[in-house]
S.K.: 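Mind looking over this structure? Questions follow.
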Amino acid sequence: MAGGQAMQSLELALQAASRAEKRLRESIEALPHGIVFLDEDGRYILWNKQYAEIYHRSADLLEPGAKLADTLRIGVERGDYPEAVGCEEEWLANRLKRLNQPVGRHEQWLSNGRCIMIEERRIEGCGTVGIRVDITDLKQKEENFRLLFERNPLAMLVYDIESGLIRSANEAACTFFGYERLEMAGLAARKLFPKTLWPKASEMLGADQSDTNDCWQMLRRDGSNVDAVVATRLSQLEGYPATIVTIFDMTERRRIEQRMAHMARHDELTGLANRAHCREHLHEALDKANSTGTVTIALVDLDHFKAVNDTYGHQFGDVVLTDAAARMLKLIPPDALLCRIGGDEFAIIFHRSSLMQAELVAKSIITTLSEPFFVHGHLIHIGATVGFASSPHDSRDPETLMRYADLALYAAKAERRGSCRAFEASMDEAAQEKNQLEQDFRVAISGGELEVHYQPLVNLSTGEVECYEALLRWNHPRRGLVPPDVFVPLAEEMGAIDQIGRFVLFEACKEAAGWPEHIKIAVNVSPLQFRNGKLLSTVINALSTSGLSAERLELEITEAVLMEKGPRTAAIIRNLRAFGIGISLDDFGTGYSSLSYLLNYPFTKIKIDKAFILNLHREANSRAVIRAVIGLGKSLGLTVAAEGIEREFERDYLRDEGCTQGQGYLFGKPGHARTLAISGAGTA
């Protein structure tokens, strides 16, 4: 009986202990900071989720009974504690000493950039309780305050209210008062005011006065007086009551106001009028011009300037911009205004100058900017392209005139860099047309107007269809079929090429999954799809979704893809090939280094560009190139396909030369999937 009561008491005690532990766990999980309990030997007993999240890189090591010292040592080896780099053993010893003999709080920086405040207490006979508080935001605020204080152009002081001393001063304050930095730290604040003013000044320094216009007489180190407005803000810094003091030199204030007014309307680097000043000046010039007065705005864009920054750095680029501005200033008329309105874009507003005079200046600028720039011992070549528009001929509205000049610049750059163009009405019409086409294309992407058509590639020996190339078509409700050479560049400009590329890939794989297994599907891939790094996952997803085997998919790429230097492109191509996906080099023979690409990448097919086929009957050189490409393909074990076959003699010639596949109108035009006569035989 007594034994049964003892067992019952023990069970009740265990239940109570379990409930207590559960309540403890629930309590520490509710806390916003990391909590950890260690036994007397520094072994883990209990911790909350916040603690595990703070030390997520060591989460795999957290388990009851594990020693904190061991997790610290492994963390040091992993590089989790940047402060330990180069002094690992010393850092570990110091950290374990703090653990075993806790004294106050200390900070710990983690490799993810977070700063953790640690407070630990040893409880006699019970081990250690530790608190971890993420104070990264607080440290950032402190750093921001320090930077704001140190770099502020206004004189700033930290005044200790209790001692009456200046604790610290920024560079502007040292310059303002004429003291060295070390002299200011610990200086009695009374020395900055005349004796008669100190009683009132001390009251002012010990109070909040952020909105005051009172002018105080203050003393510099040499004894001279200066009038200043003083603003104060009470604060608590490092455990002592302090005042943040900001001092406005009235003379300096007026200078700063003038400087700020100038900066608001001028470019800091070149000193030229900025975009805001340019627009304001253009408005004023057009308002002042009468019905016959001419105002011309020319936009000057520096050619190849990005390459200067990329090659030499922005310091070189800044020198080039400054020198270019100086050269242009020498060429413009006295009443013209030169502005810098963007990174490498300038504007010139001409008053009372004819369009011919403006054009002459523009051509002079193009000439002078094509001459080399000498920067830090380097010879740098750029150039310039100019577009301009005039009032009243083109428009009297300043915004419209600016837009017309920009259209003229765009047209000049598209035609030939290093040229100048005046605005023409057709440019605006083309811009409006392009804008409308872009809006229509956005609708087409989401509205089902895009279609995938298929063009066969046949075996030239048997006539059987071996592959279909997937080609995107835009069936516009009013325009009909829009040519790819119109909408593909548009998609690239809009940043939609990846979206439509995925659409074609998924649609083509889904369609091909229902074809006979011996027929493959070829899909074109753009450089932009390689650039975003998601191509491999997109292709694998399309194959798995459709059920199409990887061996039945060919990806066609152009030399533009291979010109993207770096390991990423090569890695993507090799990974695709490792899955069994075919890689075809399209438009072969039209680039610069196609032969070297064949040796460096695992291609399965090369496609002879149709330009060689079109000239087959009249160009001996075309036949020589075709024969060489076919021979090269055979020697490398590649399938050789020819594009643009429209006549039987072209087919016969290519077949006799050993070309494997053919594609062109002779075998079939691109068509919708429902129009394809795909059967088990698969003949075209």
Side-chain angles (χ1 to χ4, degrees), residues 304 306-307 310 414 455 457 467 469-472 483-493 497-498 500-501 504-505 522-536 538-539 553-578 581-616 619 621-622 624-645 654 659-664:
H304 316 299
K306 183 178 182 299
D310 292 345
Q455 187 175 22
L457 284 86
C467 182
E469 181 179 358
L471 300 167
L472 184 64
D485 58 356
V486 172
F487 70 79
V488 170
L490 192 67
E492 291 177 346
E493 288 184 25
I497 198 71
D498 188 54
I500 65 174
V504 174
L505 184 63
V523 180
N524 291 282
V525 182
S526 77
L528 291 175
Q529 289 174 275
F530 270 86
R531 205 172 295 155
N532 70 13
K534 299 177 183 178
L535 180 62
L536 181 61
T538 301
V539 172
L553 175 63
E554 290 182 355
L555 297 180
E556 294 191 3
I557 63 176
T558 62
E559 187 175 319
V561 170
L562 306 176
M563 291 175 70
E564 301 269 337
K565 298 293 185 183
R568 171 180 283 187
T569 298
I572 292 173
I573 291 175
R574 289 188 171 88
N575 285 333
L576 288 167
R577 190 69 197 96
I581 298 164
I583 307 294
S584 175
L585 181 56
D586 201 6
D587 301 333
F588 186 80
T590 60
Y592 298 102
S593 306
S594 299
L595 184 58
S596 64
Y597 294 141
L598 290 180
L599 300 175
N600 294 323
Y601 294 94
F603 289 104
T604 55
K605 179 189 290 186
I606 51 178
K607 297 182 74 175
I608 303 172
D609 188 71
K610 61 184 178 182
F612 296 103
I613 310 305
L614 292 174
N615 294 323
L616 184 62
E619 288 285 346
N621 288 340
S622 292
V625 169
I626 291 170
R627 187 176 296 113
V629 171
I630 294 172
L632 178 64
K634 284 182 177 180
S635 65
L636 294 175
L638 306 178
T639 299
V640 180
E643 301 175 308
I645 301 175
L654 291 163
C659 185
T660 314
Q661 285 183 345
Q663 181 181 17

S.K.: Report the distance from atom CG of Asn600 to atom CZ of Arg574, rounding to the nearest 0.5 Å.
M.R.: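 Nearest 0.5 Å value for the CG-CZ distance: 7.5 Å.
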S.K.: Let me confirm one number: the CZ-SG distance from Arg627 to Cys659, rounded to the nearest 0.5 Å.
M.R.: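 Here the rounded value is 13.0 Å.
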S.K.: Which pair of heavy atoms, one from Leu585 and one from Thr558, lies closest together, and at what distance?
M.R.: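 Looks like CD1-C, 4.2 Å.
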S.K.: Would you mind reporting whether Asp498 and Leu528 have side-chain heavy atoms less than 4.5 Å apart?
M.R.: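 In short, these two side chains do not touch, never coming nearer than 4.5 Å.
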S.K.: Between the side chain of Thr660 and the main-chain N/O of Ala641, is any donor-acceptor distance below 3.5 Å?
M.R.: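 Not at all, since once roles are kept as given, no pair shorter than 3.5 Å links the two residues.
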S.K.: Looking only at heavy atoms, which two atoms of Ala642 and Leu654 are closest? And how far apart?
M.R.: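 Scanning both residues completely, I find the closest heavy atoms to be CB-CD1, 3.6 Å.
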S.K.: Taking all atoms of both residues into account, what is the closest heavy-atom pair of Ala611 and Asn615, and its distance?
M.R.: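 That would be O-ND2, 3.2 Å.
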S.K.: For residues Tyr601 and Ile583, determine if any side-chain heavy atom of one lies less than 4.5 Å from a side-chain heavy atom of the other.
M.R.: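 Sidechains of Ile583 and Tyr601: no contact.
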S.K.: Roughly how far apart are Asp609 CG and Leu614 CG, rounded to 0.5 Å?
M.R.: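 Rounded to the nearest 0.5 Å, the CG-CG separation comes to 8.5 Å.
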S.K.: CD1 of Ile497 to CG of Leu472: how many Å apart, nearest 0.5 Å?
M.R.: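 Those atoms lie 8.5 Å apart.
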S.K.: Does the side chain of Ile573 come within less than 4.5 Å of Pro602's, by heavy atoms?
M.R.: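 Of all side-chain heavy-atom pairs linking Ile573 with Pro602, at least one is under 4.5 Å.
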S.K.: Does Lys306 have any salt bridge (Lys or Arg N to Asp or Glu O under 4.0 Å) partners at least two apart in sequence or in another chain, and if so, which?
M.R.: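 With sequence neighbours excluded, Lys306 shows a salt bridge (Lys or Arg N to Asp or Glu O under 4.0 Å) to Asp310, given in chain and number order.
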S.K.: Do Lys605 and Gln661 have a side chain donor and acceptor closer than 3.5 Å?
M.R.: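 A donor-acceptor contact under 3.5 Å links the two side chains.
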S.K.: How close do Val561 and Thr569 get, heavy atom to heavy atom, and via which atoms?
M.R.: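 Closest approach of Val561 to Thr569, heavy atoms only: O-CG2, 3.7 Å.
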S.K.: Measure across Ala470 and Val504 and return the closest heavy-atom pair with its distance rounded to 0.1 Å.
M.R.: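 What the structure gives for the nearest pair is CB-CG1, 4.1 Å.
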S.K.: Could you tell me whether a side-chain N or O of Arg577 sits under 3.5 Å from a main-chain N or O of Ile581, the two making a donor and an acceptor?
M.R.: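 Yes, because the side chain of Arg577 sits within donor-acceptor range (under 3.5 Å) of the backbone of Ile581.
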S.K.: Report the C-alpha separation of Leu535 and Leu576 in whole Å, then their side-chain angles, then the decisive distance to 0.1 Å, and conclude whether the side chain to side chain contact (heavy atoms under 4.5 Å, CB included) test is met.
M.R.: CA-CA 9 Å; Leu535 180 62; Leu576 288 167; 4.2 Å; yes
S.K.: With Glu643, which of Leu457, Asp586, Ile613, Ile608 fulfils side-chain contact (heavy atoms from CB on, under 4.5 Å)?
M.R.: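 Passing option: Asp586.
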S.K.: Out of curiosity, Phe603 CZ to Leu636 CG, how far, rounded to the nearest 0.5 Å?
M.R.: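 If I round to the nearest 0.5 Å, the distance is 11.0 Å.
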S.K.: Under the side chain to side chain donor-acceptor pair (under 3.5 Å) test against Asn524, which residue among Glu469, Gln529, Glu554 passes?
M.R.: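 Only one of Glu469, Gln529, Glu554 forms a side chain to side chain donor-acceptor pair (under 3.5 Å) with Asn524, namely Glu469.
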